[in-house]
Amino acid sequence: MMTRMPNGRPNNAPRPVIRPKGPIQIGSSLTVRELSEATSVSAADILKIMLKGGVLANINQQIDYDTAALICAEYNIETVQYVPEQMIGIIDNIKDSIAAETEATLITRPPVVTIMGHVDHGKTKLLDAIRQTRVAEGEAGGITQHMGAYQVEISNRKITFLDTPGHEAFTAMRARGAQVTDIVVLVVAADDGVMPQTVEAISHVRAAGVPLIVAINKIDTINANPDLVKQQLAVNNVIVESYGGDVPSVEVSARMRTNIDGLLEMILLVADIQDYKANPNAKALGTVVEAEMDRQRGPIATVLIQNGTIRLDDNVLVGNGTGTVRAMFNDTGKRIRFAEPATPVVILGLNEVPMAGDILQVMDDLTVARSVAIQRQRQIRLDAMANLRSVSLDGLFANIQQGKIKDLNLIMKVDVMGSLGAIEHALGQLNTAEVQIKIIHRGTGTITESDVNLAIASRGIIIGFNARPDPAARRAAEQHGIDIRFYNIIYNLVDEMKKAMIGMLDPEYREITDGYAEVRNTFRLPSREVVAGLYVTDGKINRQLTVRVLRSGVVVHDGRLGSLRRFKEDVREVTSGYECGVVVDGFNDVQDGDTLEFYRKERVERTA
């Protein structure tokens, strides 16, 4: 006989779920278990909702506020983000912080310039020429040669230069939220013209939305042809002023130090037009340019001060670390007691090595700074949640409906440039009032890690039309949740984009690449079939997989294997580091140096 509790409910019946009546407070991150306890929603139900969103998690999974709020909305539970007292006043965006300053507190500051360009076009020599002719006075110290930024003076005005390795580092810092560069100088050799890395740099500058100055270098060489460079730039939508455009250009010779002053004066002219300002009387805010662990000095960081003034003995919060400024050095290695806006400075006294792109903020209380640092360490989001927030076609419609996306940024890699015009025209017909499709970078051949970095920084999607990623690009895309789509028919590309924009995606087949192999030699059988001798370079291959033949990153054939052998014996599988022989069914044009990509497809149900 069933017994009953005093309230009339059977003692073995499930307890009624009591939902919170008012809004619940949620921090910037919490675990699934903590969310379950706060909402009285079972952890199993929360995990099911996350699984529908494409995230396989457990009850100890850290989730951010936005994700928690979406889960609560499924149960009509209101949420309010709780901001710990220690986090109040913490700056997340230096640009917004400066914009909030009143006009009366702002004064003109030096511009911050990054020099970019194709390898061997003279970027390093140009930096050296500028530094040697206009570097501020002071004796160079041991730190100077390791410093990633320095200042020069012309006409009693300063210019700050960032010495970055290239556009990959430039974009990597932007991907972490750092906005440090005011102006980019694009170096193009007059005897070599626009090259692939030049085009990539242009795309990265456009994504950053900063002014561009073209420095046409090596004008002293016999084969110099500045006019040809300007024409090639025009093909890539960079129209210099002498051709009726709005991009300044200066002809220089870094080797002969010709017209270096002219370039510096052009930088100051652009700076005057842009009118860069900061408040030197505020508490210092800056961005870490580079950092390292020194055996004698401990953690040292090169920081570009962007607003306010930093002084000796200031307490600072830097990324997930803290410290007290024990010593500072300027770009010549000279000890200094303070540094004003747009000044690069080396800082000693941090408790750990920060990352490039971390924000430095002067704090009144070191105890509060340490508390914030601990909270930041606890709130580091896991890769699974980063994947959830990444832009993908599957979630595009939902993001459009919520107003989160107005522009869909595409990085387009094709087999031949002829395909690009037709694709751009077709995609242009899909633009609506809610979303605009923008191709922020275009090129031919292999999808590279640089393309993935650009997609990370611009929250873009990579489209490969008969073009495939190299292993490094694929790994980077998987790590950061970047969506790479592959097509070989323009109609299919346009149709899927259209369906994504109206939220009508059909079930898809996701490609999983199991292995890569390199063709070392080939020979023809009496049956006229071509046998390719392979060396498996990555993963593993088996005869059930589909194979693509790639030549310089471009797909030349897509089909199945006819046979897979080792030492004249049929085998089912060959792993990385071993050799084998294959016949590609229906394709007898395999050549030495080709790359074979082995893949399979899995059906994936769309969730949007």
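Excluded from the calculations below are hydrogen atoms, water molecules and symmetry mates; all remaining heavy atoms, backbone and side chain alike, are included. Numbering starts at 1 and runs along the sequence shown.
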Quiz prompt | Euclidean distance, Leu545 CG relative to Glu597 CD, rounded to 0.5 Å | solution = 10.5 Å
Exercise. Applying side-chain contact (heavy atoms from CB on, under 4.5 Å), name anything that partners Arg543, two or more places apart in sequence or on another chain.
Key: Leu564, Asp570
Quiz prompt | Close side-chain approach of Val555 to Val549, heavy-atom, < 4.5 Å | solution = no
Self-check item: Which residues share a salt bridge (Lys or Arg N to Asp or Glu O under 4.0 Å) with Asp314, sequence neighbours left out
Solution: none
Practice problem: Could you tell me whether a side-chain N or O of Asn351 sits under 3.5 Å from a main-chain N or O of Thr322, the two making a donor and an acceptor? | Solution: yes
Practice problem: Carefully, step by step, assess Thr324 and Asn315 under the rule side-chain hydrogen bond (donor to acceptor under 3.5 Å, both in side chains). | Solution: CA-CA 4 Å; Thr324 300; Asn315 299 317; 3.0 Å; yes
Quiz prompt | Flag side-chain contact, heavy atom, 4.5 Å: Val353 against Glu292 | solution = no
Exercise. Identify the two heavy atoms, one from Ser203 and one from Leu454, that lie closest to each other, and give their separation to 0.1 Å.
Key: CB-CD2, 4.1 Å
Quiz item: Can Val345 and Ile305 be said to form a side chain to side chain contact (heavy atoms under 4.5 Å, CB included), step by step?
Solution: CA-CA 8 Å; Val345 59; Ile305 304 302; 4.0 Å; yes
Quiz item: Which residues satisfy the salt bridge (Lys or Arg N to Asp or Glu O under 4.0 Å) test with Glu74, sequence neighbours excluded?
Solution: none
Exercise. Can you measure from CD1 (Ile437) to CG (Leu430) and round to the nearest 0.5 angstrom?
Key: 4.5 Å
Practice problem: Have a look at Met412 and tell me which of Ile463, Ile461, Ile462, Ile440 forms a side chain to side chain contact (heavy atoms under 4.5 Å, CB included) with it. | Solution: Ile463
Quiz item: Which residues satisfy the side-chain contact (heavy atoms from CB on, under 4.5 Å) test with Lys48, sequence neighbours excluded?
Solution: Asp45
Self-check item: Distance (rounded to the nearest 0.5 Å) between Ile541 CD1 and Leu561 CG
Solution: 7.0 Å
Practice problem: Over all heavy atoms of both residues, which pair between Phe486 and Ala467 is shortest? Give the atoms and the distance, please. | Solution: CD2-O, 3.6 Å
Quiz item: Does a side chain donor of either Tyr516 or Arg474 reach within less than 3.5 Å of an acceptor in the other side chain?
Solution: yes
Quiz prompt | Set of residues satisfying side-chain contact (heavy atoms from CB on, under 4.5 Å) with respect to Asp470, sequence neighbours excluded | solution = Thr446, Thr448, Ala472, Ala473
Quiz item: Donor-acceptor pair, Asp358 side chain versus Met355 backbone, under 3.5 Å?
Solution: yes
Exercise. To the nearest 0.5 Å, tell me how far Asn466 CG sits from Ile489 CD1.
Key: 9.5 Å
Practice problem: Give the minimum heavy-atom separation between Thr105 and Asn279, together with the two atoms involved. | Solution: O-OD1, 3.2 Å
Quiz item: Hey, mind stepping through Arg442 and Asp451 against salt bridge (charged side-chain N to carboxylate O under 4.0 Å, His left out) and telling me if it holds?
Solution: CA-CA 10 Å; Arg442 49 184 64 76; Asp451 297 322; over 6 Å; no
Quiz item: Is Glu511 paired with Arg600 through a side-chain N to carboxylate O contact shorter than 4.0 Å?
Solution: no
Exercise. Could you list the residues that satisfy side-chain contact (heavy atoms from CB on, under 4.5 Å) with Ala68, not counting sequence neighbours?
Key: Ile26, Leu30, Leu35, Ile63
Quiz item: Considering all heavy atoms of both residues, which atom of Leu366 and which atom of Gly323 are nearest to each other, and what is their separation?
Solution: CD1-O, 3.8 Å
Practice problem: Would you check if there is a donor-acceptor pair between the side chains of Tyr599 and Asp558 at a distance under 3.5 Å? | Solution: yes
Practice problem: Look up atom CD in Glu290 and atom OG1 in Thr302, then write down how far apart they are to the nearest 0.5 Å. | Solution: 4.5 Å
Quiz item: Do the side chain of Asp514 and the main chain of Phe598 share a donor and acceptor less than 3.5 angstrom apart?
Solution: no
Quiz prompt | CA sep, side-chain torsions, deciding dist, call: Ile484, Ile447, side chain to side chain contact (heavy atoms under 4.5 Å, CB included) | solution = CA-CA 9 Å; Ile484 304 181; Ile447 297 170; 4.0 Å; yes
Quiz item: If you look at every heavy atom in Gly559 and Thr546, which pair is closest and at what distance?
Solution: O-CG2, 3.0 Å
Practice problem: State whether the side chain of Asn542 and the backbone N or O of Arg572 hold a donor-acceptor pair below 3.5 Å, judged by distance alone. | Solution: no
Quiz item: Leu162 and Thr181: side chain to side chain contact (heavy atoms under 4.5 Å, CB included), yes or no, with the steps?
Solution: CA-CA 8 Å; Leu162 295 183; Thr181 300; 3.9 Å; yes
Quiz item: Out of curiosity, Ile49 CD1 to Leu70 CG, how far, rounded to the nearest 0.5 Å?
Solution: 9.5 Å
Quiz item: So, Ser36 side chain and Val41 main chain: donor-acceptor pair closer than 3.5 Å or not?
Solution: yes
Quiz item: Of all heavy-atom pairs between Val288 and Ala301, which one has the smallest distance, and what is that distance?
Solution: CG1-CB, 4.4 Å
Quiz item: Is the side chain of Arg560 donor-acceptor paired with the backbone N or O of Val547 at a distance under 3.5 Å, no angle test?
Solution: no
